Amino acid sequence: MKRTLLIFGLLVVTSTIAAGAMWIEEYKSGIVWPKPAIVTAEPDKAPSDAVVLFDGTNLDAFQNGDKWEIADGVATAKNTSIYTKQKFGSCQIHVEFATPSEVKGKGQGRGNSGVYIMGRYEVQVLDSYDNDTYFDGQCASVYKQQPPMVNASRKPGEWQTLDIIFTAPKFDKDGSVTEKAYVTVLHNGVLMHNHFELMGGTSYVEAPKYSKHPEKDHLNLQFHGNPVRYRNIWIRENISPLVGTPPEKKEEKKEEKPEVKAEEKPTEAK
Ligand code: MG
């Protein structure tokens, strides 16, 4: 009986090794991957494969960009919201902003702006340094859907970063959402939302809901009456995982038969 169990165990081990032979022999996955593209990423610069929306010179990438003030490599919100001429779907967004160093107003009236992904999903920009407001409306919130995990806001006037990874939703022909949108947000390098499932568009006046929209749309930067400053804005569209080709399965089962013969020898039956 012990012998039978031993041989059975050997069979299990052998077949397991055979199934994973490609990985074990080569110490590699065996999957044939496309070569990852080379992207240069220097400090304080947009990655080489990014669409640069603002590098300090002009806001030509934006509709209404001429309505904002540009000086010393910085764009200041003024007059109206601006939106990109180019449309984007799933993407990675980098924005640097500074709320006014001269503190005026309170709550939502202090350093308010916003990054409107696809023109309808707002990641809030606000002066949330020692400035109380409703939590799902403070800086780095998904507006009126989810507060940030923590408050990493810097003092008024100091430069801050928002890094956003957004997965666009999908809709069927009838307009129903078939795949919801997701967003991951880092504020000043600190995680605020980890693959948060959006409930729909963000609105000030009504509950969030999905409304069918194109696969790509404009990115908006909000003017909310406060002179919030921006610099170094870029976006990357290449955020899909590489797809590899699985290894061939030709080596499975090859070791099983010789072991079965050993078990059947009469002298070993006790
Ligand atoms: Mg706002």
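Atoms within a ligand are numbered from 1 in the order they appear, just like the ligands themselves. Sequence positions, counted from 1, serve as the residue numbers for this chain. Since this is a predicted model, take the numbers as computed values, not measurements.
Checking Phe196, Tyr182, Tyr116, Tyr121 one by one against Phe166, the ring pair (Phe, Tyr, Trp, His ring centres under 6.0 Å) holds for a single residue, Tyr121.
One of the N, O or S atoms belonging to Gln222 lies under 2.8 Å away from the Mg ion (ligand 1). Taking backbone and side-chain atoms together, Tyr143 has no N/O/S atom less than 2.8 Å away from the Mg ion (ligand 1).
Ring pair Trp234/His94 is parallel by interplanar angle, where below 30° counts as parallel and above 60° as perpendicular. Note on ring orientation: taking the six-membered ring where Trp is involved, the planes of Phe171 and Tyr210 are perpendicular (angle over 60°, cut-offs 30° and 60°).
Note that Arg154 lies outside the cation-pi zone of Trp159, set by a 6.0 Å cut-off to the ring centre and a 45° limit from the axis.
Ser113 contributes O and Gln124 contributes OE1; the angle these two atoms make at the Mg ion (ligand 1) is 70°, rounded to 10°.
Glu122 contributes OE2 as its N, O or S atom closest to the Mg ion (ligand 1).
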